[in-house]
There are 2 protein chains.
Amino acid sequence: MPKPTRSSERRDDALSRERIVDAAIALLDDDGEDGLTFRALATRLETGAGAIYWHVANKNELLVAASDAIVTRALGDVASCGTPHETIRSVALCLFDTIDAHPWLGTQLSRAPWETATLRVFERIGHQLQALAVKADAQFASACALLSYIIGVSSQNAGNGLLLDPSLGRTEFLEIVAAKWQQLDAQEFPFTRQIAATQLRDHDDRADFLAGLELILAGIAAAL
Amino acid sequence: MPKPTRSSERRDDALSRERIVDAAIALLDDDGEDGLTFRALATRLETGAGAIYWHVANKNELLVAASDAIVTRALGDVASCGTPHETIRSVALCLFDTIDAHPWLGTQLSRAPWETATLRVFERIGHQLQALAVKADAQFASACALLSYIIGVSSQNAGNGLLLDPSLGRTEFLEIVAAKWQQLDAQEFPFTRQIAATQLRDHDDRADFLAGLELILAGIAAAL
DNA sequence: ACCTGAACACCGTTCAAGT
DNA sequence: ACCTGAACACCGTTCAAGT
């Protein structure tokens, strides 16, 4: 909702909250979380660092606004037709892919859990739980469980790419992790070692993500 | 495993990796994530900032070591008797309480998902899944789902206290959040508003955490 | 081998001064 | 009303110099 006083005589490239947030997103996508700097932002917007503070209170507000913009955009593409379970799956996959495309978003959604960005997801999930006729006093806990799972696993998945050399392909990355796990102490980490030997190398992140989601949905269905 | 060369003639207060990690934990607990600074750490240890780098490669390694120390200590107190479900509940509650007591740990476990701290939890969960006779090819996804859920919800819970004034009591905090949610747009956020009106104020974080965990456990049991 | 502390290259944020 | 850019109070990390 831009103020009606914003008249047309302004330069097209005048600073605005929206332009700042867009530039911040671009910076975050290009250079990661550390890439977002008031100085870098000012350079990209061809202005002084201080100018940004006229439109945005501080860095945290910028991160919150950027997250909200991305999540709103992404959720807008998710249709709510289909069964409640189908819709929840769609919302979950949408977030998985969005966070994969913007790894900084995962961190941000975990860090600021009750900002509007997260609430939008919470809301969408809640509708589907109501459609499933989940008992009223179980809706909150169920929605929280789904929300935490979705954001947690998606962030973890997206973060994996960044932990080691970002130039690494997925296969090489898994190879390295598997090798590391197999070198763990045999007494202390038998399960982890076994996973590394059998499943880690060719597991499918998206499939596992959906499998875990299915567990929660099954649990919800069983309690109806 | 201290090197055998560490002879007794050393001053008792000589710098060591262990003393540094302990001081880092104290700093993190007292002053939060921002409180851990090489300068503050040096002051507390009565040394120069650069000295720390002789024992620890960088700040990240310090965070990883601190997390590992806390998680190892905490998990050590969790008995593995009882049924697998009971043990998983104990591990989950242990992490919930530990992260509640050390809020920085939640952030750290999410940020560095495959460091030993997280792997210790993964391992413990894995053992119980094997004891439950979960199908081999479902063990990885199930363990990941449980791990993400536990860390995700615990972090969120612990983070809540820090978002607003830390001097705020829990009741006042929930009151503020509920009031904020009820002011959200009625068209866009009906579910969130309803939760704020009905369940948010007197929900029990631990109980909801366990309820969500139960959903996953029920889903796992249903797939056996 | 281990410690010191100044120095370097950054940050977020503020604010007097400009238009 | 909006922008500028120097200044402030910090960071993590390095490194020559000490013991």
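Protein chains get the first letters and strands the later ones, always in sequence-line order, with residue 1 at the start of each. Just so we're clear, the structure is a prediction, and the values are computed from it rather than from any experiment.
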Stems of at least 3 consecutive Watson-Crick or G-U wobble pairs (donor-acceptor distances under 3.5 Å) involving DNA chain D, listed by first number, are C:4-8 with D:12-16, C:12-16 with D:4-8
On the nucleotide D:dC3, are OP1 or OP2 found under 4.0 Å from the side-chain N or O atoms that A:Trp54 carries? no
What is the distance, to the nearest angstrom, from the [atom1] atom on [X] to the [atom2] atom on [N]?
X       : N      : atom1 : atom2 : result
A:Lys59 : C:dC11 : NZ    : P     : 9 Å
B:His55 : D:dG12 : NE2   : P     : 18 Å
B:Ile20 : C:dC3  : CD1   : C1'   : 11 Å

Closest to the side chain of A:Ala14, out of D:dC3, D:dT13, C:dC3, is D:dC3
Could I get the full list of ring pair (Phe, Tyr, Trp, His ring centres under 6.0 Å) partners for [X], not counting sequence neighbours?
X        : result
A:Tyr149 : A:Phe209
B:His203 : A:Phe140
A:Phe189 : none

With sequence neighbours left out, the residues meeting salt bridge (charged side-chain N to carboxylate O under 4.0 Å, His left out) with B:Glu18 are none
For B:Asp31, the salt bridge (charged side-chain N to carboxylate O under 4.0 Å, His left out) test, sequence neighbours excluded, returns none
Nucleotide by nucleotide, nucleotides 14-19 of chain D touches protein heavy atoms under 4.0 Å in the pattern (B base, S sugar-phosphate only, - none) BB----
The complete set of salt bridge (charged side-chain N to carboxylate O under 4.0 Å, His left out) pairs with one or both residues in residues 63-73 of chain A, sequence neighbours excluded, reads A:Asp22-A:Arg73, A:Asp68-A:Arg120
Contacts satisfying salt bridge (charged side-chain N to carboxylate O under 4.0 Å, His left out) that involve residues 171-182 of chain A (not counting sequence neighbours) are A:Glu175-A:Arg201
The side chain to side chain donor-acceptor pair (under 3.5 Å) partners of A:Thr87 (sequence neighbours excluded) come to none
Minimal heavy-atom distance between B:Gln183 and B:Arg193, with the atoms involved, is C-NH1, 4.4 Å
So, with a heavy-atom separation below 4.0 Å from DNA chain C, the residues of residues 32-43 of chain A are A:Leu36, A:Thr37, A:Phe38, A:Arg39
Quiz: residues 88-103 of chain B side-chain donor-acceptor pairs under 3.5 angstrom, not counting sequence neighbours:
residue: B:Arg89; atom: NE; partner: B:Glu214; partner atom: OE1; Å: 3.1
residue: B:Arg89; atom: NE; partner: B:Glu214; partner atom: OE2; Å: 3.4
residue: B:Arg89; atom: NH2; partner: B:Glu214; partner atom: OE2; Å: 2.8
residue: B:Ser90; atom: OG; partner: B:Glu86; partner atom: O; Å: 3.0
residue: B:Asp97; atom: OD1; partner: B:Arg206; partner atom: NH1; Å: 2.6
residue: B:Asp97; atom: OD2; partner: B:Arg206; partner atom: NH1; Å: 2.6
residue: B:Thr98; atom: OG1; partner: B:Cys94; partner atom: O; Å: 2.6
residue: B:Asp100; atom: OD1; partner: B:Asn157; partner atom: ND2; Å: 3.3
residue: B:His102; atom: ND1; partner: B:Asp29; partner atom: OD1; Å: 2.7
residue: B:His102; atom: ND1; partner: B:Asp29; partner atom: OD2; Å: 3.1

